[in-house]
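Let me begin by presenting the structure, written as structure tokens, before commenting on it.
Chain identifiers are assigned alphabetically (A, B, ...) following the order of the sequence lines, protein sequences preceding nucleic acid strands; residue numbering begins at 1 within each chain. Remember, it's a predicted structure, so these values are computed and weren't measured experimentally.
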Amino acid sequence: MSEPARTLHPALAVSEGAPANLTIAGVRALDPVAGIDQVCDLVVRDGVVSSLAEPGSGAAPDSGEVVDGSGRVAVPAFVDPHVHLRTPGREDEEDIESGTRAAAAGGFCCVVAMANTDPVVDSPELLSALRRRADREARVQVGFAAAVTVGQRGDRLTDTTLLADAGAVCFSDDGLPVRSARVMRQALQCQRLHGLPLVLHEEDPDLSGEGAMHEGTVSVRLGVAGIPWASEAVMAARDVLLAELEDGRIHLQHVSSARTLAIVEWARARGVAVTCEVTPHHLLLCDEDVAGLDTARKMNPPLRSAGDRTALREALRSGLIDCIATDHAPHAQEEKEAPFEEAPMGTTGLETAFAALYTDLVVPGELSLATLVEKLTAGASVLGFERPSLKPGSVANLCLVDLDKEWTVGENGFESRSANNAFLGRRLRGKVLLTTSAGAVVWRDRSILMREVAA
Amino acid sequence: MSARHLLAIGDLGREGIERILARAESFAEVAGRPIKKVPTLRGRTVINLFMEPSTRTQSSFELAAKRLSADVVTVKAQGSSVEKGESFKDTVLTLSAYDPSAIVVRAPHAGAAALVARWSRASVINAGDGKHEHPTQALLDLFTLRRRLGRLDGLRVWIIGDVAHSRVARSGIVALRTMGCEVTVCGPPTLVPRAIAELGCSVRYDLAGVERADVIYALRVQRERIAGIVAPSLREYVERWQIDGRRLRPGQVVMHPGPVNRGVELASEVCDSPQSLIVDQVEAGVAVRMAVLYELLAGAGGDGARTPAVSEQEAPQPA
Ligand SMILES: [Zn+2]
């Protein structure tokens with residue numbers, strides 16, 4: 001029997017960790033994709049899920065560690081197709097080590113870092129250097145997006161096949177749209193060579209202008225320049241039409257408005273290969289939550305109207321939205337501690353995604369836990385990675401969650417180097433106690449008790 | 001006023017507004033004396049932090065604080081604090097080290113005064129934050145109107161011009177509505193957002209019906225906004241939205257927060273007509289700002305722990 005591949009995709013980087021030998025006793029194992037929902041002793045041997053045994057059946061190994069799983073849930077670890085690790089250039093805000101530590105603490109086994117760093121990841125050399133660095137520092141599996149256009153200036157294509165050969169997992173100018181429709185079309189044509197998805201930040205910068213929040217009643221009340229929903233929707237409309245023209249595959253990042261969803265629905269009905277993601281903050285907050293001008297809630301796209309939020313939730317349930325992505329965007333405190341209109345856009349999200357969604361959507365009965373888990377892992381499928389699974393024989397990419405544990409966001413600081421979290425101070429339910437990635441334990445909550453079983 | 005700060009007009013409510021207007025009446029009386037000074041805030045420090053230039057508001061606040069015998073320091077900082085290499089927060093912390101009783105804040109960004117309130121122990125007065133709020137302007141407008149027309153309840157007020165970029169309009173609509181006025185905003189659609197109706201006013205894009213207004217409140221329209229991309233053209237603006245002698249009806253009064261672009265939003269003859277309250281507004285500004293300082297620092301709303309007792313004799317009482 002050959003060794004299973006350790007990472008979910010050959011292009012993902014991860015530092016070598018000791019393969020876990022671990023039994024989670026009496027745990028509810030939930031893997032909606034594999035159709036697993038049972039109470040069992042979940043046994044991991046040499047970093048691979050070896051069995052989901054009858055509780056107390058004695059399947060526990062004679063060496064390794066045993067964790068009490070009773071009252072807790074084990075799920076496939078999450079995959080985030082959209083994070084910012086700020087490396088290179090802004091290591092004061094985040095680096096590969098701190099960002100992936102935050103990911104592990106949030107139950108993620110895999111993240112994809114965007115290319116809008118300083119310098120922009122638009123050359124094979126830089127991409128290779130980053131992957132080598134991640135091979136040393138990353139706690140969880142990391143994929144790197146390469147820029148669609150040189151310097152993300154929107155007017156000239158990067159060397160897409162060289163970047164694909166160097167290990168890019170997708171192409172994205174995230175932070176910015178691909179300004180030129182002609183260049184966007186060329187990018188879709190190049191997709192025939194490398195096959196990687198084009199991951200798109202949809203925004204018309206002219207329409208966004210100086211906007212600092214959603215254009216609507218709140219922005220008018222506050223006198224803050226707004227970003228209309230049309231800013232996102234018109235660009236999304238352009239890109240699905242171009243994808244149809246070139247028979248390409250696109251993924252829309254952080255959709256925020258009901259109109260964008262309508263465009264996705266229309267495009268799908270026409271057979272366009274378009275997927276999309278939504279962030280926890282767009283699902284849980286709206287422009288009313290910005291009325292106090294808290295800069296932790298300033299992001300792009302902005303928190304939209306309550307009606308948009310309702311549409312996003314419905315689209316998540318109906319399957320129109322493929323996956324949840326955090327758009328984890330760390331910022332230095334002194335930059336966020338500025339007047340709202342001057343502060344940079346973005347919120348961190350890796351450490352709060354599961355708990356915030358669980359508290360506000362699953363606990364009140366709006367979303368099932370199974371759907372939440374499915375949407376938090378589906379980023380893998382969107383990008384063509386193998387999906388984390390609890391099926392025996394799978395490499396251990398799982399997390400153990402205590403659904404009843406309450407905690408306050410920020411009370412013990414963050415694993416991320418930045419603290420600009422939109423849910424700061426919120427009381428949440430559901431805590432990730434343990435995470436494995438690529439077969440190794442990468443996160444343990446301080447509260448978790450493990451019993452060592454001697455060899 | 002129960003709060004320690006005046007950040008937004010909506011914080012006051014009808015009762016709070018009434019109290020300040022009443023107090024301002026008595027301070028207006030002080031302005032009529034040969035020695036226009038009361039000792040109410042003797043020994044206290046008021047800092048004016050002006051991050052964008054405004055001769056009018058700045059001198060009005062300075063005069064108000066001086067007439068209450070406070071020590072006044074005016075600090076002019078660059079609009080963008082980042083340019084200076086000192087953050088807005090650092091500026092506020094530095095000024096707070098002087099232990100001021102009040103900080104008056106004018107800044108180019110919404111929420112700036114609220115941030116000062118968070119970072120400092122002083123009472124904070126919002127003297128205009130971005131396009132958000134300008135509560136003392138709203139108060140002095142109410143004061144001026146009531147003095148001239150004898151009432152506020154039921155007045156029909158038209159606010160005409162660049163509503164989109166106007167903090168005066170935002171605070172004004174809320175204040176006028178609170179006091180029972182009927183408010184209509186009017187101007188080119190590029191300068192009047194539809195959603196402004198949420199504040200309780202009606203929205204019109206032409207002057208039809210303005211003859212029934214009791215009050216015409218013109219807002220400053222920046223030439224570059226008109227001549228640029230926002231409104232069609234200066235000529236069109238003047239043609240459609242300027243208030244000139246032909247449009248003004250007897251009995252109507254005209255107001256403007258200043259400075260006026262003569263010949264743009266108002267014709268020159270309207271500015272100078274006896275129906276214009278523009279000079280009255282400036283005059284009212286000092287009395288109203290004295291009243292606000294008094295209410296925050298010496299009145300019931302003052303921070304007891306930090307406020308030295310002020311005898312009732314020292315402060316003029318409302319008539
Ligand atoms: Zn983006």
message: So which atom in A/Glu341 and which in B/Lys131 form the shortest heavy-atom distance, rounded to 0.1 Å?
response: OE2-NZ, 4.4 Å
task: Give a yes or no on whether A/Arg417 atom CZ has more than 12 heavy-atom contacts from other residues, nucleotides or ligands under 6.0 Å away.
output: yes
statement: If one checks every heavy atom of B/Leu199 against chain A at 4.5 Å, the contacting part turns out to be side chain
Residues in side chain to side chain donor-acceptor pair (under 3.5 Å) contact with A/Thr347, at least two apart in sequence or another chain: none
- request: Answer yes or no: does atom CD of A/Gln333 have more than 12 heavy-atom neighbours from other residues, nucleotides or ligands under 6.0 Å?
  value: no
query: Side chain of B/Arg170, backbone of A/Val220: donor and acceptor closer than 3.5 Å?
result: yes
- prompt: Above 12 or not: heavy atoms from other molecules or residues under 6.0 Å from CD of B/Glu15?
  reply: no
message: Nearest 0.5 Å, please: how far is CG in A/Leu293 from NE2 in B/His132?
response: 6.5 Å
- prompt: What do you reckon, is CZ of A/Arg90 surrounded by more than 12 foreign heavy atoms closer than 6.0 Å?
  reply: yes
statement: OG1 of A/Thr295 to CG of B/Leu115, rounded to nearest 0.5 Å, is 8.0 Å
message: Please classify the contact between A/Leu222 and chain B as side chain, backbone, both or neither, with a heavy-atom cut-off of under 4.5 Å.
response: both
message: Minimum heavy-atom separation for B/Ala110 and A/Val224, please, with both atom names.
response: CB-CG2, 3.6 Å
field: Atom group of A/Glu337 that falls short of 4.5 Å from chain B, counting heavy atoms
entry: both
